[in-house]
A.B. asks: 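Submitted below is the structure of interest, expressed as structure tokens.
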Number of protein chains: 2
Amino acid sequence: MAVPELFRALGDPIRLEMVQRLSDGAPCTIGAVSAGLGITRQGARKHLQVLADAKIVFLEAHGRDVLVQLDPSGLDRAKQYISDLQLRWDRRLEALQRYLEDG
Amino acid sequence: MAVPELFRALGDPIRLEMVQRLSDGAPCTIGAVSAGLGITRQGARKHLQVLADAKIVFLEAHGRDVLVQLDPSGLDRAKQYISDLQLRWDRRLEALQRYLEDG
DNA sequence: TTCATATGCAACCTCCTAGTTGCATTATAG
DNA sequence: CTATAATGCAACTAGGAGGTTGCATATGAA
């Protein structure tokens, strides 16, 4: 459910950069993920919330700071959705080909 | 390239519905893809343009009407990008595990 | 030719989103 | 205890995205 929200969350260069960082490095604090993006901490925080709402990331309070971690299931759902589309598309192509060959 | 644009194009319920229709049925005209979406033809046309700009769909003039066709390579790029992310994520997990085990 | 159909183009409106600033809060460090 | 560091919350602004209406254009059918 909420597939559009999922893709929408990925459809922003800054959020995608965040996901990149998270997939590369260790889980880190909000401050760390937000640094060096060219926007303020609050701006970055909003992006993180979008990612969290879309279940691409989850936030875990840890004393004074909040750890940001990638949620693999989010990415998986997105990929699965695309695969389903491609499957239908392929079936359609096959049906079309049969139609052309056999009459 | 322009991966964010790709996801962004998929991140809208109406555009996703269009892609669904195109993957299901035969390539059809702009009018056909645009019908029954709850918005005007011009509104739908703008969505189609977004999909076309993101290379998810291509438009082919055919006399009076314009055929809309799914571009499988667009979906493939999106899927590939996600797979790459997951690959890096998995590698990171492995490294972490080795670190925990071996010291 | 004439009429209807499928589309293009442009101006306009509204609202959400990205981004900011300022201040409050909570927890770690000395 | 005090100071600082990491974060939360709220109000505000600007710009773009989604959507509409109105009109122009070109192609196919009769």
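Each chain gets a letter, A, B and so on, in the order its sequence line appears, and its residues count up from 1. Bear in mind that the values here come from a model prediction, so they are computed numbers and not experimental data.
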A.B. asks: Round to a whole Å and report the spacing from CD of Gln42(A) to C1' of dA18(C).
C.D. replies: 13 Å
A.B. asks: Taking the side chain as every heavy atom from C-beta outward, state whether Arg45(A) and Leu59(A) have any pair of such atoms under 4.5 Å apart.
C.D. replies: yes
A.B. asks: Can you measure Ile30(A) atom CD1 to dA5(D) atom C1' for me and round it to whole angstrom units?
C.D. replies: 14 Å
A.B. asks: Considering every strand and a 4.0 Å limit on heavy-atom distances, what is the contact class for Gly43(A): base, sugar-phosphate, or nothing?
C.D. replies: base
A.B. asks: Touch check for Arg45(B), heavy atoms < 4.0 angstrom, all strands: base, sugar-phosphate only, or nothing?
C.D. replies: sugar-phosphate
A.B. asks: Measure CE/Met18(A) against C1'/dG19(C) and give the value in whole Å, please.
C.D. replies: 12 Å
A.B. asks: To the nearest Å, how far apart are Arg41(B) CZ and dT21(D) P?
C.D. replies: 12 Å
A.B. asks: Give the rounded distance in Å between these two atoms: CG of Asp12(B) and P of dG19(D).
C.D. replies: 6 Å
A.B. asks: Taking atom OH of Tyr81(B) and atom CG of Leu75(A), what is their separation to the nearest 0.5 Å?
C.D. replies: 9.5 Å
A.B. asks: Taking N and O atoms by type only, does the side chain of Arg15(B) place a donor or acceptor under 3.5 Å from a partner on the base of dG18(D)?
C.D. replies: no
A.B. asks: How close do Leu6(B) and Gly74(B) get, heavy atom to heavy atom, and via which atoms?
C.D. replies: CD2-O, 3.6 Å
A.B. asks: Return the value, rounded to whole Å, for the distance between atom CD of Gln49(A) and atom C1' of dT7(D).
C.D. replies: 13 Å
A.B. asks: Could one point to a donor on the side chain of Arg64(B) or the base of dT5(C) with an acceptor on the other under 3.5 Å away?
C.D. replies: yes
A.B. asks: Roughly how many Å is it from NZ in Lys46(A) to P in dT17(C), rounded to a whole number?
C.D. replies: 10 Å
A.B. asks: Measuring from atom CG of Leu48(A) to atom CZ of Arg15(A), what distance do you get when rounded to the nearest 0.5 angstrom?
C.D. replies: 10.0 Å
A.B. asks: Can you tell me the distance, in whole Å, between the NE2 atom of His47(B) and the P atom of dG18(D)?
C.D. replies: 6 Å
A.B. asks: Looking at Ala44(A) and Met18(A), what are the two nearest heavy atoms and their distance?
C.D. replies: O-CE, 3.5 Å
A.B. asks: Closer to the 5' end of DNA chain C via nearest nucleotide, is it His62(A) or Gly38(A)?
C.D. replies: Gly38(A)
A.B. asks: Taking only side-chain N and O atoms of Thr40(B), does any of them lie within less than 4.0 angstrom of OP1 or OP2 on dT21(D)?
C.D. replies: no
